[in-house]
Amino acid sequence: HMFSHPLIETNNNNNNNTMDERDTHTTDEGSVFEEVVAADKGFDDERDATVEVGVFGTQALASSKNTHTLSNTQRKKECAVDHLNEERAECLGPLKWGNKPHHITPYPPSTYWKDRKQILREILAGITTSFAQVPGSIAFAAIAGVDPLLGLHPAWIVGFFTSAFGSRPGMINGATGVRAATVAPFVKEYGVGMLFWIVLMISIYQFIFALMSLPRFIKLVPRPAMIGFTNGLAIIIFLGQLYAFKHDCGIGTSSLNQTCPDGVADGDYRSGTELYMMLVQVAITLIGCLLGMKFVKGIPPSMIGILFSVVVEWAILRQVGYSTPVIGDVSRVDGGLPKFFWSDSQYSSGDIPPLNGETVKNCLWPAFIAAAAGAVEAVMTMEVVNDITESTNPAPNQQIYALALGNFVSGLFGTMGGGATIGESILNCINGANGRYRISGIVASIMIFIYIIAASSVIEKIPTMSLVGVMFLIAFTAFEWESPLMILSAMMPEKWRQSKLMSRFSIRKITRTDAICIVLVVVVTLLTDLFTGVAAGIALVSIVYCWQVGLHISANTEIVKDEDGHITKKIYRINGPLFFASALRFPDVFTPETDPDIVHVHFDHDTADVYDFSALHSLNVVGEKYSKLGKTLHVMKLSHKSAKIIRKANQLVKHFVVTQEERVDVEEEVKLEEPYHQPVSRRAYQQKKEQLSHTQQGIEPEENGVRRRRRETSPKHSVGDDDESSMLNISIV
């Protein structure tokens, strides 16, 4: 509840609902969140209030009885609405205040003021994250084979649009390694002009992904695949920092025209005193981060570590004749405003391929891979940010729409575009971003823009080893350190797990399928990319799950006799789902040779359903066996969903008879739960209390003004008078 604003229910048709109740909750981090609850006129407190509602927020909508007596000037100042004459004060014009993290419009100013300590943390976290984005963006531009500025500009273009219009505050976006690796071979083959068309097509793909609501399928990603994803990412981040310890003699730094020292080849690791000093800088940065975490409040630990490194570099090492590389040694950060691709000198030589069938054909596959990988990376990063900030993102499609918009604008400027940067997102969250405000992401993008335009001389003085130390910390944080023990325990024989030496690890045992999934995702991620790794993990777990569920198909039989004791029919009551994984086993349940002439198949068990064409075909196979013996197979008591599937495929029903007797669920329990932190209006509370009373008396809730007596199909649920929480558990027929 620390990271969400309450959803307020108001009744615009009732002008008397003007009273409210305010509650203020202070989190462990010192953030104060205002909660305003709309309620009925029966409230005793008649204080002035502001109610915040709306999908994209609203101007204040409710006021107390005293609000309409204020002057127009004061009313406009307070952004209130007079329910008596419906006069709306000027505030955000036609827009409305936001009250949820995914709302685009800002919260009311009072929210930011009351939570000003957290706002400061957000600003500092954004500044710190921007430091780490600079060298990474330059490195990705080098991998893609383009100018460093074409990797820096997406860091603020894509970053700004996703932070301002996306649905996951706290998430950082910019140039990514997946994007660089995807477009690199095509830039090399067709030239930098092809980059424009690829990035624009990526934005179109991602817009289609959002339109189709594909991010909702994140629910299909099993937890082992998530662990493998974060572990693989942590390893990639760690290995990516090792390049900073190598000599770079022009690769990715063509603007500096550096040359290697005599006897040193490009890509060789540094050695001697230079290497030792670099390791010292990494250690100093890590020590600064750890001290910041333990002793300093309000300042991001990574910023403290970077400041430690800067002081040591310029006040100590350089004063005694030693030095380590700084950002200015890697590449130049300065540059002007981005230019549209048709006016950029890089594209003036006629390198842009014409828009024809050949160009589209060449762009389709790389754009799809980059767009799909970017979308998966974005959704997975959202889940990581959700876990770190202990918040949720109810509108993941909005984030993909914003990503598509950012890539489209980035493509217009001829840059390489980008996506979610999970390493920087983790850095942003551990440095103070709480997932409620967009400020950190917007600040990070603005700071990168400032670095390029005006402050390059400052950013170029930061030692690269300080950023390497920060990224090492991110890799350490991202890695699931308990997972190796879980994998080891899962792979051990049972005798080993029961030994005294290993008994302490056996409590972490997971299934071997889950353990293999973690390893598979990590390995495939390291060999290919994150998108392919996660897809492999999902495929493995899905196949194993379908196999295991398919084994559970079975049936209970019942013999029906007439008054003379003759068998008239046999009933098979199916247990388990009938779908492609169980379709081949389904015919083995039946014994056509010994069954009577009439056989009924009842799908009346809760788990018994017909799911696909394989199930329908299996029923036809069983029915054909009975038909050849002159017997009839009747399928009945199907669920509504199963009956609908068979009804639509009626022409494919050849060897069995469907009886129009659908399964009726006797009672469905619906548990209505309101989290304790969410305010409930007095009217809603009274309605739930009244509904509970009617349920106990056997009366169903009102429908269209008519109350119906409930059928006594099951024992009534009793609710203790002293158990307030049980008032929200309501059984509905």
Side-chain angles (χ1 to χ4, degrees), residues 102 166-168 171 178 205-233 368-388 390-401 403-404 419-420 422 425 478 480 483 486-487 490 510-525 528-552 576-583 607 609-615 641-642 645:
H102 64 277
S167 59
R168 179 63 275 177
M171 184 170 158
V178 173
Y205 273 127
Q206 290 179 337
F207 181 82
I208 295 174
F209 293 161
L211 199 63
M212 297 172 63
S213 299
L214 293 185
R216 62 185 173 178
F217 292 110
I218 186 61
K219 300 175 182 178
L220 297 179
V221 179
R223 185 61 189 175
M226 278 291 293
I227 294 176
F229 169 80
T230 55
N231 287 355
L233 180 71
F368 175 78
I369 292 297
V376 171
E377 209 170 21
V379 176
M380 299 294 281
T381 304
M382 280 190 273
E383 291 300 308
V384 173
V385 174
N386 290 346
D387 290 342
I388 296 176
E390 300 180 1
S391 58
T392 59
N393 178 19
N397 284 335
Q398 183 179 328
Q399 185 71 25
I400 306 302
Y401 277 125
L403 184 60
I422 187 169
S425 298
E480 188 72 36
S483 60
M486 295 191 305
I487 296 171
I510 57 177
T511 64
R512 288 177 179 169
T513 299
D514 291 337
I516 294 173
C517 177
I518 295 174
V519 176
L520 177 66
V521 173
V522 172
V523 172
V524 175
T525 295
T528 56
D529 55 68
L530 294 170
F531 170 70
T532 308
V534 173
I538 295 174
L540 173 66
V541 175
S542 300
I543 291 172
V544 173
Y545 174 78
C546 290
W547 177 266
Q548 292 175 344
V549 174
L551 295 174
H552 295 163
L578 182 55
F579 66 118
F580 66 89
S582 60
T607 62
D609 276 306
V610 176
Y611 282 97
D612 53 19
F613 175 70
S614 297
K641 178 176 64 176
S642 300
I645 291 175

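Only this structure's heavy atoms are used, side chains among them; waters, hydrogens and symmetry mates stay out.
- Here CD1 of Ile543 is found 12.5 Å from CD of Gln548. Values are rounded to the nearest 0.5 Å.
- Atom CD in Gln398 sits 12.5 Å away from atom CG in Leu403 (nearest 0.5 Å).
- Across Ala225 and Cys517, no two heavy atoms sit closer than the pair N-SG, 3.8 Å.
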Pair Arg168-Ser391, side-chain hydrogen bond (donor to acceptor under 3.5 Å, both in side chains): steps then yes or no: CA-CA 10 Å; Arg168 179 63 275 177; Ser391 58; 3.1 Å; yes

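- A heavy-atom distance below 4.5 Å is found between the side chains of Ile218 and Val221.
- A pairwise comparison of heavy atoms in Pro222 and Ile538 identifies CD-CG1, 3.9 Å as the closest pair.
- We find the CG-CD distance between Leu233 and Glu377 to be 7.5 Å, quoted to the nearest 0.5 Å.
- Residues Pro577 and Asp609 have side chains not in contact (no heavy-atom distance under 4.5 Å, counting atoms from C-beta outward).
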- request: Could you walk me through whether Asp612 and Lys641 pass the salt bridge (Lys or Arg N to Asp or Glu O under 4.0 Å) test, one step at a time?
  value: CA-CA 11 Å; Asp612 53 19; Lys641 178 176 64 176; over 6 Å; no

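- Each of Val521, Ile516, Asp514 was checked for a side chain to side chain contact (heavy atoms under 4.5 Å, CB included) with Leu540, and the lone residue meeting it is Ile516.
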field: side chain to side chain contact (heavy atoms under 4.5 Å, CB included) between Met380 and Val534, worked out
entry: CA-CA 9 Å; Met380 299 294 281; Val534 173; 4.0 Å; yes

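- Taking Thr532 as the reference, Asp529 meet the side-chain hydrogen bond (donor to acceptor under 3.5 Å, both in side chains) condition, with sequence neighbours excluded.
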task: Apply the test side-chain hydrogen bond (donor to acceptor under 3.5 Å, both in side chains) to residues Asn393 and Ser167: give CA-CA distance (whole Å), side-chain angles for both, the deciding distance (0.1 Å), then the verdict.
output: CA-CA 7 Å; Asn393 178 19; Ser167 59; 3.1 Å; yes

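- Nearest heavy-atom pair across Glu480 and Asn231 is N-OD1, 2.8 Å.
- Scanning both residues, Ile400 and Pro215, for their nearest heavy atoms gives CG1-CG, 3.4 Å.
- In this structure, Gln399 contributes its side chain and Gly166 its backbone to no donor-acceptor pair below 3.5 Å.
- Residues His102 and Pro394 are in side-chain contact: their nearest non-hydrogen atoms beyond the backbone lie under 4.5 Å apart.
- Remark: Trp547 CH2 to Ser542 OG distance equals 15.5 Å, nearest 0.5 Å.
- A 4.5 Å side-chain heavy-atom check between Met382 and Pro396 finds at least one atom pair inside the cut-off.
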field: Working for side chain to side chain contact (heavy atoms under 4.5 Å, CB included), residues Ile510 and Ile518
entry: CA-CA 11 Å; Ile510 57 177; Ile518 295 174; 4.1 Å; yes

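- The shortest distance between side-chain heavy atoms of His552 and Thr607 does not fall below 4.5 Å.
- Contact annotation: the side chain of Tyr401 approaches that of Leu211 to within less than 4.5 Å [non-hydrogen atoms, C-beta and beyond].
- The side-chain heavy atoms of Ser425 and Val384, taken from C-beta on, include no pair separated by under 4.5 Å.
- With rounding to the nearest 0.5 angstrom, the CZ atom of Phe229 is 5.0 Å from the OG1 atom of Thr381.
- Cys546 is listed as a side-chain neighbour of Phe579, based on a closest heavy-atom distance under 4.5 Å.
- Minimum interatomic distance between Ala378 and Ala420 (heavy atoms only, all atoms of both residues): CA-CB, 3.6 Å.
- Once rounded to the nearest 0.5 Å, the distance linking CZ of Phe368 with CD of Gln206 reads 11.5 Å.
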task: For side-chain hydrogen bond (donor to acceptor under 3.5 Å, both in side chains), just list the numbers for Asn397 and Arg216, CA-CA rounded to whole Å, side-chain angles, deciding distance to a tenth of an Å, and then say yes or no.
output: CA-CA 8 Å; Asn397 284 335; Arg216 62 185 173 178; over 6 Å; no

